[in-house]
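As structure tokens, the structure follows; a few thoughts come after it.
Residue numbers count from 1 along this sequence.
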Amino acid sequence: MELNDGNLQTLTEYLQKTLSPDPAVRRPAEKFLESVEGTQNYSILLLTVLEKSQNEVIRVCAAVTFKNYIKRNWRVVEDEPNKISDPDRTAIKANIVNLMLSSPEQIQKQLSDAISIIGREDFPQKWPDLLTEMVTRFQSGDFHIINGILRTAHSLFKRYRHEFKSNELWSEIKLVLDTFAQPLTELFKATIDLCQTHATDINALKVLFSSLTLISKLFYSLNFQDLPEFFEDNMETWMTNFHNLLTLDNKLLQTDDEEEAGLLELLKSQICDNAALYAQKYDEEFQPYLPRFVTAIWNLLVTTGQEVKYDLLVSNAIQFLASVCERPHYKHLFEDQNVLTSICEKVIVPNMEFRSADEEAFEDNSEEYIIRDLEGSDIDTRRRAACDLVRGLCKFFEGPVTGIFSGYVSSMLTEYAKNPGVNWKHKDAAIYLVTSLASKAQTQKHGITQANELVNLSEFFVNHILVDLKSPNVNEFPVLKADAIKYVMTFRSQLPKEQLLETVPLLVAHLQAESIVQHTYAAHALERLFTMRGANNTTLITPTEMAPFTEQLLNNLFKSLAIPGSSENEYIMKAIMRSFSLLQEAIVPYIPTLIGQLTHKLLLVSKNPSKPHFNHYLFESLCLSIRITCKANPDTVNSFEEALFPVFTEILQNDVQEFVPYVFQVMSLLLEIHTSSIPSSYMALFPHLLQPALWERTGNIPPLVRLLQAYLEKGAATIASAAADKIPGLLGVFQKLIASKANDHQGFYLLNSIVEHMPPDSITQYRKQIFILLFQRLQSSKTTKFVKSFLVFINLYCVKYGAIALQEIFDSIQPKMFGMVVEKIIIPEVQKVSGQVEKKICAVGITKILTECPAMMDTEYTKLWSPLLQALIGLFELPEDDSIPDDEHFIDIEDTPGYQTAFSQLAFAGKKEHDPIGDAVSNPKILLAQSLHKLSTACPGRVSITHEKDAEIITKMT
């Protein structure tokens, strides 16, 4: 694409169309941009629109499009097309910092993110001058520019908070510290001085406090991995100023907004985080400063109101206390009973209360409430922080803390009993307190795994939880009902089975509650209970025990999807999936009705897929329906195809990218169930599956390969007779896959199926070319993964066509090639083959080479006979060689670049491991012994086993 006005105008028009609410306008525009994004100058044109357009909306749209383009394509993935040319990469890096700094804040944020994405790949090796370019801008004195630099630095360095330690990371952080730490410290001091100079100028203060917050975030990132020498030497400067800022109270910066945190709250929150980091990780160096921070943060906690805008500040302040009280160093600060009582009374109890804001979220923003409360992302909530503080205090003071809180719990429950309608929030706080007290260790899979022995969980369940679950009106006191359900879910590993069984029908009833939070918790609790394991690793709750509630369970689960706000509720869909999995054949009578509902739901969500987890569980539920029903009666597969194919056709025709890999997996499952020849409906689709465009998307490759394998397994003869002209296309797919280090194993899966199932005559003309392609790849890029797959293939070929055919095809490519393969690849590498079936194929193949290939007996290949036998015995007797050469960059099979729809494996569409040899050879060791015996009888005196140990092993085999 040339850099001219015509192309700028075209690009602007298409960007405008991507903002259209009409899918008929929006989708073609998105497709066009996707089709041209690989051309040179595309990214430069986007940046030009962003810089020069007079339309502010188009500028922002260009910025977002550019950032997403960089996110998808900047990383260079081996074997994948590089969509950004080298000149474009150089031009982007040369201009983006200046452009970011001269742009309005909304665009600046997008470009700042783009810089951090580029920096993650290129900094420091391929972008060495980035830091110096940024640091020199600190001298500008323009805080619009300075904040742009700080924002970019923050997005660039925040990954240091979660990266694993490595020499590469250390050297990068050292480089950053050498260049950045001193200027950052000078900027910090200068900004604080400016705050005093402009103490009465609200506009100046807003900009300066934004800078201080960003500087504080950078301090956290740069200090996270280890305490840098520079910051240790300058701790007095940083900690004194942090403490002063923590105690600062500037009336101009206080806001009237009760919801949104102001600049002062955000800064103080980050300083609490920084202090907690030092208290946890560098307690010895931080000790002189700790008492003043404890005092300042305590004062902050007891003087800060209950408004939502203070939530982040309060939770971070409590987290600081929690991190301090867990350290043996600081144990003495909390030993006094009065201190513990004061913390409980003034910090913990007030911050566990269910506020009006929480009630609003529960009713009006249920999705956000559930994410915070159920999924543990409530790290910024007061309740979670208070709960962590309780756990921290219990580490050294479990007895006294339990005693203090037991009194609070009793009085709260007494208050509730006086007037439940008015005082229900007291019971809510009591349940939360008990949960905090009792929880010592927890996992996602099992809930609480270690509990406080001083809290009787079972007794509390009977006296206070069961009564809410049994209440006949499921819509009364929804918060308390949700609390009760969550209690069961949290302590499911601690409560006896009888109590859990008692809750199952009650939870089923709660699926009909109007409250989204309540019926979501009920679905989630059932799903978690159904995954629990009992004796012999079977499910704790059995299908027999579920029999009385099965119909009601299925009815209520599907009905709850019709409740407003829950039409795509992932917890409900996951509970449907888990119920199918637990109940197995008990669901068969209901499938005719349920499959219609699932298919209708699939049709609706395919119009605009927005909930990936919901969609995944929906497809899993479809797979379970098919598996369970067809296991009982394989003929029902036709009914499923009738129900599903119209929706699948629509998904494929509309190219719903998120769903296409799922469709291929379900189709594979259906086709594999067929017992007779391949249906014509599948054959009509076959040519479309070979289209190159489908194979461009990484996420399509595993399910498409599996689908083609199913075609070959069920319809190889039909393909050979009715679609022989498509065989080159099939081999073209193999050729594309085999050229890629990331996908070569998929190419071998396909090739193995072709060799195993296709009639020999149909591929005779292609065989030699297949081997030539494999040798070219071996020469150009030999990896351990490729060699393992290659060994399995040549041995499968040997099993299928015979050892003589294998030797002849090798030697037809190049004289003596067979000997080279045996000597250089089979003998030294076969030990690396892993997997039972793969080892069996290699064992049978090598046995055939040893005993059915005349060239191994009376040519120059004869010298390889004994070493090959030894290699085979090693495959049987020695442990697998899983070593990988040091210099080899071993590609992770699951590594998928960019944002492309990654492949999501459906657990319940799983394919059984296939053994192409099957019962023809049950034990390859016995086959070897028998074959050697047969050979020695046919050629007496010619078979020599040189190693006594080998002879002994072979004798044992017989």
Exercise. Could you tell me whether the side chain of His914 reaches within less than 4.5 Å of the side chain of Gln709, counting heavy atoms only?
Key: no
Between Ser625 and Ile595 the two heavy atoms that sit nearest each other are CB-CD1, 4.1 Å
Flag the pair Glu527 and Arg578 as a salt bridge only when some basic side-chain nitrogen lies within less than 4.0 angstrom of an acidic carboxylate oxygen.
-> yes
Separation between CD (Glu658) and OG (Ser904), nearest 0.5 Å, reads 11.0 Å
Notebook entry, point to check: Do any N or O atoms from the side chain of Thr629 and from the backbone of Ile626 form a donor-acceptor pair under 3.5 angstrom?
Noted result: no
- Message: Run the side chain to side chain contact (heavy atoms under 4.5 Å, CB included) test on Phe460 and Ile431 for me, step by step, so that the C-alpha distance in whole Å, both residues' side-chain angles and the decisive distance to 0.1 Å come before the verdict.
- Response: CA-CA 9 Å; Phe460 191 83; Ile431 295 171; 4.2 Å; yes
Do His674 and Glu641 have a side chain donor and acceptor closer than 3.5 Å? yes
Tightest non-hydrogen contact, residues Phe908 and Cys623, listed as O-CB, 3.4 Å
Problem - Heavy-atom side-chain proximity of Leu437 to Cys394 below 4.5 angstrom - result: yes
Asn463 versus Glu459: any side-chain heavy-atom pair under 4.5 Å? yes
ask   = So, do Asn456 and Ser458 sit near enough that their side-chain heavy atoms are less than 4.5 Å apart?
value = yes
Under a 4.5 Å cut-off applied to non-hydrogen side-chain atoms, are Ser753 and Tyr711 in contact?
-> no
Closest non-hydrogen atoms of Val474 and Ala509, given as atom of the first, atom of the second and distance, are CG1-O, 4.1 Å
Would you say the side chains of His519 and Gln512 form a donor-acceptor pair under 3.5 Å?
-> no
In this structure, OH of Tyr369 is separated from OG1 of Thr520 (nearest 0.5 Å) by 12.0 Å
Distance only, no hydrogens: is a donor on one side chain within 3.5 Å (strictly under) of an acceptor on the other, for Asp373 and Tyr521? yes
Between Ile841 and Val792, the two heavy atoms sitting closest are CG2-O, 3.6 Å
Review point. Do Ser471 side-chain atoms and Asp468 backbone N/O form a donor-acceptor pair below 3.5 Å?
Key: no
- Answer yes if the side chains of Gln665 and Ser668 hold a donor-acceptor pair under 3.5 Å, and no otherwise. no
**Prompt:** With no hydrogens and no angle check, is any side-chain donor or acceptor of Lys497 less than 3.5 Å from a backbone partner on Leu540?
**Reply:** yes
Looking at Glu502 and Lys470, does any basic side-chain N land under 4.0 Å from a carboxylate oxygen? yes
Rounding to 0.5 Å, atoms CG (Leu561) and CG (Asn556) come to a distance of 11.5 Å
For Lys486, is there any backbone N or O sitting under 3.5 Å from a side-chain donor or acceptor partner on Thr490?
yes
Q: Taking the side chain as every heavy atom from C-beta outward, state whether Arg383 and Phe354 have any atom pair closer than 4.5 Å.
A: yes
With a 3.5 Å distance limit and no angle check, can you tell me whether Ser566 reaches the backbone of Asn569 through a side-chain donor-acceptor pair? no
Got Leu624 and Ile587 here, is their nearest side-chain heavy-atom distance under 4.5 Å? no
Query raised in the report: Has Lys631 got more than 12 heavy atoms of other residues, nucleotides or ligands less than 6.0 Å from its NZ?
Result: no
Scanning both residues in full, the closest heavy-atom pair of Leu618 with Met573 reads N-CG, 3.4 Å
Tyr487 side chain to Leu457 backbone, donor-acceptor under 3.5 Å: yes
Review point. Any side-chain heavy-atom pair from Val666 and Leu906 closer than 4.5 angstrom?
Key: yes
Problem - Main-chain N/O of His464 paired to Lys427 side chain as donor or acceptor, under 3.5 Å - result: yes
Output for pair (Asp915 CG, Ser922 OG), nearest 0.5 Å, gives 10.5 Å
**Message:** Quick test of your reading of the model: are Glu713 and Arg706 salt-bridged, counting only N-O distances below 4.0 Å?
**Reply:** no
Q) Between Phe645 and Phe640, is the ring centre distance below 6.0 Å? A) no
- Message: Has Asn536 got a side-chain atom pairing as donor or acceptor with Thr538's backbone, closer than 3.5 angstrom?
- Response: no
Pair Phe648 and Tyr662, ring centroids less than 6.0 Å apart:
no
Nearest heavy-atom approach of Trp424 to Gly421 is CD1-O, 3.5 Å
Without swapping roles, check the side chain of Glu756 against the backbone of Leu712 for a donor-acceptor pair under 3.5 Å.
no
Margin query: Would Met489 and His524 count as a side chain to side chain contact (heavy atoms under 4.5 Å, CB included) here? Give the steps.
Written below: CA-CA 8 Å; Met489 199 166 22; His524 189 49; 3.0 Å; yes
**OP:** Answer yes or no: is there an ion pair linking Lys912 with Glu672, defined by an N-O contact shorter than 4.0 Å?
**Re:** no
Self-check item: CD/Glu367: more than 12 non-hydrogen atoms of other groups inside 6.0 Å
Solution: no
Does the Lys601 side chain pair with the main chain of Glu568, one donor and one acceptor, at a distance under 3.5 Å?
no
